[in-house]
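Notes for the one structure printed next.
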Amino acid sequence: MDVFEAVTSRRAVRAFTDRPVPKEVLERVLSTAAWAPSASNLQPWHAYVLTGDPLAALKKCAGERLAAGEPWDEPEYEQYPPALKSPYRERRSAFGEQRYGALGIPREDVEARQRAASANWDCFGAPAALFCYIDRALGPAQWSDLGMYLQTVMLLLRAEGLHSCTQMAWAKYHRSVAEILSPPDELILFCGMSIGFEDVAADHVRTGRAPLGETVTFVDGDRPRAAPHSPREHRGSYATLQT
(Lines give C-alpha, C1' and ligand atoms only; values in the text may rest on other atoms or scores of the structure.)
Protein backbone atom coordinates (compact mmCIF):
# COMPACT_ATOMS: atom_id res chain seq x y z
CA MET A 1 0.00 0.00 0.00
CA ASP A 2 1.54 3.33 -1.03
CA VAL A 3 1.22 6.49 1.04
CA PHE A 4 -1.59 7.98 -1.06
CA GLU A 5 -3.66 4.80 -0.73
CA ALA A 6 -3.05 4.65 3.01
CA VAL A 7 -4.20 8.28 3.42
CA THR A 8 -7.31 7.97 1.29
CA SER A 9 -8.37 4.57 2.66
CA ARG A 10 -7.98 5.63 6.29
CA ARG A 11 -11.26 6.54 7.94
CA ALA A 12 -12.90 6.32 11.33
CA VAL A 13 -14.16 2.74 11.42
CA ARG A 14 -16.96 2.19 13.90
CA ALA A 15 -17.45 -1.56 13.57
CA PHE A 16 -14.71 -4.13 14.14
CA THR A 17 -14.53 -7.91 14.24
CA ASP A 18 -13.18 -9.67 17.32
CA ARG A 19 -10.25 -11.09 15.34
CA PRO A 20 -7.16 -10.50 17.53
CA VAL A 21 -4.48 -8.07 16.40
CA PRO A 22 -1.07 -9.78 16.63
CA LYS A 23 1.16 -8.17 19.24
CA GLU A 24 4.11 -8.19 16.85
CA VAL A 25 2.09 -6.08 14.40
CA LEU A 26 1.30 -3.50 17.08
CA GLU A 27 4.94 -3.45 18.16
CA ARG A 28 6.08 -2.95 14.57
CA VAL A 29 3.60 -0.13 13.99
CA LEU A 30 4.44 1.71 17.20
CA SER A 31 8.20 1.26 16.80
CA THR A 32 7.97 2.82 13.36
CA ALA A 33 5.55 5.56 14.48
CA ALA A 34 8.23 6.75 16.92
CA TRP A 35 9.80 8.42 13.87
CA ALA A 36 6.85 10.84 13.65
CA PRO A 37 7.99 14.48 13.71
CA SER A 38 7.94 16.57 16.86
CA ALA A 39 9.35 20.02 17.63
CA SER A 40 12.92 19.74 18.93
CA ASN A 41 12.38 15.97 18.99
CA LEU A 42 10.49 16.17 22.30
CA GLN A 43 8.38 13.12 21.38
CA PRO A 44 5.67 14.21 23.84
CA TRP A 45 3.38 11.23 23.36
CA HIS A 46 2.86 8.59 26.04
CA ALA A 47 0.91 5.66 24.59
CA TYR A 48 -0.66 2.71 26.38
CA VAL A 49 -1.99 -0.27 24.43
CA LEU A 50 -4.75 -2.43 25.89
CA THR A 51 -5.87 -5.86 24.70
CA GLY A 52 -7.38 -8.95 26.28
CA ASP A 53 -8.61 -8.90 29.87
CA PRO A 54 -7.45 -5.35 30.71
CA LEU A 55 -9.38 -3.92 27.75
CA ALA A 56 -12.41 -6.04 28.63
CA ALA A 57 -12.25 -4.69 32.18
CA LEU A 58 -12.18 -1.10 30.92
CA LYS A 59 -15.12 -1.69 28.58
CA LYS A 60 -17.06 -3.28 31.44
CA CYS A 61 -16.31 -0.33 33.75
CA ALA A 62 -17.37 2.21 31.13
CA GLY A 63 -20.51 0.21 30.31
CA GLU A 64 -21.52 0.10 33.95
CA ARG A 65 -21.05 3.85 34.29
CA LEU A 66 -23.20 4.41 31.23
CA ALA A 67 -25.92 2.08 32.49
CA ALA A 68 -25.94 3.84 35.86
CA GLY A 69 -26.24 7.24 34.22
CA GLU A 70 -23.11 8.53 35.93
CA PRO A 71 -21.91 11.96 34.80
CA TRP A 72 -18.77 12.33 32.73
CA ASP A 73 -15.52 13.10 34.48
CA GLU A 74 -14.45 16.71 34.94
CA PRO A 75 -12.83 17.70 31.63
CA GLU A 76 -9.08 18.22 31.65
CA TYR A 77 -9.00 20.11 28.36
CA GLU A 78 -11.48 21.84 26.08
CA GLN A 79 -12.38 19.64 23.12
CA TYR A 80 -14.11 22.41 21.15
CA PRO A 81 -14.46 26.16 21.65
CA PRO A 82 -17.72 27.06 23.42
CA ALA A 83 -18.98 28.78 20.25
CA LEU A 84 -17.68 27.37 16.98
CA LYS A 85 -17.62 29.97 14.23
CA SER A 86 -18.25 29.38 10.53
CA PRO A 87 -17.27 27.25 8.63
CA TYR A 88 -16.35 24.89 11.48
CA ARG A 89 -19.82 25.04 13.01
CA GLU A 90 -21.41 23.95 9.73
CA ARG A 91 -18.89 21.17 9.22
CA ARG A 92 -19.53 19.77 12.68
CA SER A 93 -23.29 19.98 12.16
CA ALA A 94 -23.01 18.21 8.81
CA PHE A 95 -20.94 15.49 10.47
CA GLY A 96 -23.71 14.84 12.99
CA GLU A 97 -26.41 14.83 10.32
CA GLN A 98 -24.54 12.30 8.19
CA ARG A 99 -23.33 10.15 11.09
CA TYR A 100 -26.73 9.73 12.69
CA GLY A 101 -28.68 10.00 9.44
CA ALA A 102 -26.82 6.93 8.18
CA LEU A 103 -28.09 5.11 11.29
CA GLY A 104 -31.64 6.29 10.65
CA ILE A 105 -31.66 8.45 13.78
CA PRO A 106 -33.39 11.84 13.45
CA ARG A 107 -31.95 14.95 15.08
CA GLU A 108 -34.72 15.15 17.68
CA ASP A 109 -34.18 11.57 18.94
CA VAL A 110 -31.60 12.44 21.59
CA GLU A 111 -31.91 9.09 23.37
CA ALA A 112 -31.16 7.12 20.20
CA ARG A 113 -28.16 9.34 19.49
CA GLN A 114 -26.85 8.67 22.97
CA ARG A 115 -27.26 4.93 22.49
CA ALA A 116 -25.30 5.12 19.24
CA ALA A 117 -22.58 7.21 20.87
CA SER A 118 -22.28 4.68 23.70
CA ALA A 119 -20.54 2.29 21.28
CA ASN A 120 -17.48 4.52 21.71
CA TRP A 121 -16.90 3.02 25.15
CA ASP A 122 -16.99 -0.51 23.78
CA CYS A 123 -14.33 0.57 21.27
CA PHE A 124 -16.87 -0.38 18.58
CA GLY A 125 -16.02 -4.01 19.28
CA ALA A 126 -12.30 -3.60 18.57
CA PRO A 127 -9.93 -6.08 20.26
CA ALA A 128 -7.18 -3.50 20.81
CA ALA A 129 -7.09 0.10 21.92
CA LEU A 130 -4.40 2.75 22.29
CA PHE A 131 -4.62 5.57 24.82
CA CYS A 132 -2.53 8.64 24.11
CA TYR A 133 -1.41 10.90 26.96
CA ILE A 134 0.61 14.11 27.17
CA ASP A 135 2.40 15.84 30.04
CA ARG A 136 0.39 18.62 31.66
CA ALA A 137 3.42 20.92 31.56
CA LEU A 138 3.54 20.97 27.76
CA GLY A 139 1.84 23.48 25.48
CA PRO A 140 -0.16 23.76 22.22
CA ALA A 141 2.81 23.04 19.97
CA GLN A 142 3.39 19.72 21.72
CA TRP A 143 -0.32 18.87 21.48
CA SER A 144 0.00 19.31 17.71
CA ASP A 145 2.86 16.80 17.81
CA LEU A 146 0.37 14.26 19.19
CA GLY A 147 -1.71 14.69 16.05
CA MET A 148 1.26 13.94 13.82
CA TYR A 149 2.11 10.89 15.91
CA LEU A 150 -1.46 9.55 15.88
CA GLN A 151 -1.78 10.10 12.13
CA THR A 152 1.45 8.20 11.61
CA VAL A 153 0.12 5.33 13.72
CA MET A 154 -3.13 5.23 11.73
CA LEU A 155 -1.37 5.19 8.36
CA LEU A 156 0.95 2.41 9.48
CA LEU A 157 -2.08 0.44 10.67
CA ARG A 158 -3.55 0.75 7.18
CA ALA A 159 -0.29 -0.59 5.73
CA GLU A 160 -0.84 -3.64 7.95
CA GLY A 161 -4.42 -4.10 6.73
CA LEU A 162 -5.91 -2.73 9.94
CA HIS A 163 -8.32 0.10 10.66
CA SER A 164 -8.73 2.50 13.56
CA CYS A 165 -10.91 5.17 15.09
CA THR A 166 -9.54 7.98 17.24
CA GLN A 167 -11.86 8.86 20.12
CA MET A 168 -11.72 11.96 22.27
CA ALA A 169 -14.80 10.38 23.88
CA TRP A 170 -12.49 8.43 26.18
CA ALA A 171 -11.30 11.69 27.74
CA LYS A 172 -14.81 11.93 29.24
CA TYR A 173 -14.04 8.78 31.25
CA HIS A 174 -10.40 9.55 31.94
CA ARG A 175 -10.69 8.43 35.57
CA SER A 176 -11.89 4.98 34.52
CA VAL A 177 -9.04 4.67 32.04
CA ALA A 178 -6.60 5.71 34.77
CA GLU A 179 -7.94 2.99 37.08
CA ILE A 180 -6.79 0.40 34.55
CA LEU A 181 -3.58 2.04 33.35
CA SER A 182 -2.35 3.87 36.48
CA PRO A 183 -0.59 6.63 34.51
CA PRO A 184 1.58 9.18 36.37
CA ASP A 185 -0.37 12.14 37.74
CA GLU A 186 1.41 14.55 35.41
CA LEU A 187 -0.19 13.00 32.33
CA ILE A 188 -3.47 14.04 30.67
CA LEU A 189 -5.44 11.61 28.52
CA PHE A 190 -5.89 13.17 25.08
CA CYS A 191 -7.76 10.39 23.31
CA GLY A 192 -8.25 6.71 22.78
CA MET A 193 -7.92 4.84 19.51
CA SER A 194 -9.79 1.66 18.65
CA ILE A 195 -7.71 -0.72 16.54
CA GLY A 196 -8.67 -3.87 14.69
CA PHE A 197 -9.98 -5.50 11.54
CA GLU A 198 -13.03 -3.82 10.02
CA ASP A 199 -16.37 -5.58 10.11
CA VAL A 200 -17.09 -5.23 6.40
CA ALA A 201 -20.67 -6.41 6.89
CA ALA A 202 -21.50 -3.23 8.82
CA ASP A 203 -22.88 -0.23 6.98
CA HIS A 204 -20.77 2.90 6.95
CA VAL A 205 -20.79 6.36 5.42
CA ARG A 206 -17.68 7.70 3.74
CA THR A 207 -17.90 11.48 3.75
CA GLY A 208 -15.78 13.88 1.76
CA ARG A 209 -13.63 16.87 2.53
CA ALA A 210 -13.87 20.56 1.82
CA PRO A 211 -12.79 21.54 -1.69
CA LEU A 212 -9.07 22.31 -1.79
CA GLY A 213 -9.82 25.96 -2.53
CA GLU A 214 -11.49 26.34 0.88
CA THR A 215 -8.43 25.29 2.84
CA VAL A 216 -5.40 25.99 0.62
CA THR A 217 -4.15 29.17 -1.07
CA PHE A 218 -1.25 29.02 -3.52
CA VAL A 219 1.01 32.08 -3.60
CA ASP A 220 3.05 31.78 -6.79
CA GLY A 221 4.49 35.21 -7.48
CA ASP A 222 1.49 36.83 -9.15
CA ARG A 223 -1.15 36.99 -6.47
CA PRO A 224 -2.73 34.60 -4.01
CA ARG A 225 -5.12 32.24 -5.70
CA ALA A 226 -7.37 29.48 -4.47
CA ALA A 227 -6.19 25.98 -5.13
CA PRO A 228 -7.83 24.05 -7.97
CA HIS A 229 -9.87 20.97 -7.23
CA SER A 230 -7.60 18.04 -6.52
CA PRO A 231 -8.12 14.92 -8.68
CA ARG A 232 -7.91 12.91 -5.44
CA GLU A 233 -10.55 14.99 -3.71
CA HIS A 234 -13.56 13.14 -2.34
CA ARG A 235 -16.59 14.97 -3.63
CA GLY A 236 -19.71 15.62 -1.62
CA SER A 237 -20.31 17.00 1.82
CA TYR A 238 -17.33 18.31 3.71
CA ALA A 239 -18.52 16.80 6.99
CA THR A 240 -15.68 15.25 8.93
CA LEU A 241 -17.08 11.85 9.76
CA GLN A 242 -13.56 10.50 9.44
CA THR A 243 -11.35 11.69 12.26
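Computed from a predicted structure; not experimentally measured. Heavy-atom basis, side chains included; hydrogens, waters and symmetry copies ignored.
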Are side-chain heavy atoms of T51 and V21 found at a separation under 4.5 Å?
no
Rounded distance [0.5 Å steps], CD1 in I134 versus CD in Q142:
6.5 Å
W72 CH2: over 12 foreign heavy atoms closer than 6.0 Å:
no
Ignoring hydrogens, what is the shortest heavy-atom contact between I195 and F16? Give both atom names and the distance.
C-CE2, 4.1 Å
Among pairs that include at least one residue of residues 185-198, which meet salt bridge (charged side-chain N to carboxylate O under 4.0 Å, His left out), considering only residues two or more places apart or in two chains?
R11-E198
Examine distances only and state if a side-chain atom of Q151 and a backbone atom of M148 form a donor-acceptor pair shorter than 3.5 Å.
no
Among residues two or more places apart or on two chains, list those pairs meeting salt bridge (charged side-chain N to carboxylate O under 4.0 Å, His left out) that have a residue in residues 127-149.
E76-R136
Applying the 4.5 Å side-chain criterion to the ILVMFWY set and letting contacts propagate, would L30 and L42 be lumped into a single cluster?
no
Tell me the closest heavy-atom pair linking E90 and S86, and the distance in Å.
OE1-OG, 3.1 Å
Which pair of non-hydrogen atoms, one from A159 and one from M1, has the smallest distance, and what is that distance?
N-SD, 4.2 Å
Using side chain to side chain contact (heavy atoms under 4.5 Å, CB included), reason through D73 and R65 one step at a time and then give a plain yes or no.
CA-CA 11 Å; D73 295 332; R65 289 187 61 176; 2.8 Å; yes
Looking at every heavy atom in both L157 and S164, which two are closest together, and how far apart are they?
CD1-CB, 3.9 Å
Y88 OH: over 12 foreign heavy atoms closer than 6.0 Å:
no
Locate the shortest heavy-atom distance separating Y48 from P184; write the atom from each residue and the value.
OH-CD, 3.5 Å
Looking at every non-hydrogen atom in both residues, tell me the closest pair between W45 and C132 and how far apart they are.
CB-SG, 4.2 Å
Determine, stepwise, if the pair Y133 / L189 fulfils side chain to side chain contact (heavy atoms under 4.5 Å, CB included).
CA-CA 4 Å; Y133 285 78; L189 176 61; 3.6 Å; yes
Does the side chain of L181 come within less than 4.5 Å of L58's, by heavy atoms?
no
Nearest-0.5 Å distance, SG of residue C165 to CZ of residue F124:
4.5 Å
Quick one: pull up OG1 in T152 and CH2 in W35 and give me the separation to the nearest 0.5 Å.
13.0 Å
Going by heavy atoms in the side chains, are L162 and V29 under 4.5 Å from each other?
no
Would you call the rings of W121 and Y173 parallel, tilted or perpendicular, taking 30° and 60° as the class edges?
tilted
With the side chain counted from C-beta on, respond yes when H174 and Y77 share a heavy-atom pair under 4.5 Å apart, and no when they do not.
no
Between the CG atom in N120 and the CD atom in Q167, the distance rounded to the nearest 0.5 Å is 5.0 Å
If you measure from OG1 on T17 to NE2 on H163, what distance do you get to the nearest 0.5 Å?
11.0 Å
Could you check whether any side-chain N or O of R10 sits under 3.5 Å from a backbone N or O of L155, counting only pairs where one atom can act as donor and the other as acceptor?
no
About how many Å separate CD1 of I180 and CG of D53, when rounded to the nearest 0.5 Å?
10.5 Å
Relative to the ring of F131, is the ring of W170 parallel (under 30°), tilted (30 to 60°) or perpendicular (over 60°)?
perpendicular
Would you check, one step at a time, whether the test side chain to side chain contact (heavy atoms under 4.5 Å, CB included) holds for C123 with K59?
CA-CA 8 Å; C123 295; K59 290 179 178 182; 3.9 Å; yes
What pairs with R28 under salt bridge (Lys or Arg N to Asp or Glu O under 4.0 Å), at least two apart in sequence or on another chain?
E160
Mind running side chain to side chain contact (heavy atoms under 4.5 Å, CB included) on F190 and L150 for me, showing each step along the way?
CA-CA 11 Å; F190 172 51; L150 292 167; 3.7 Å; yes
Working note: R175 + E179, criterion salt bridge (Lys or Arg N to Asp or Glu O under 4.0 Å); need CA distance, chi angles, decisive distance, verdict.
CA-CA 6 Å; R175 295 187 186 279; E179 287 177 9; over 6 Å; no
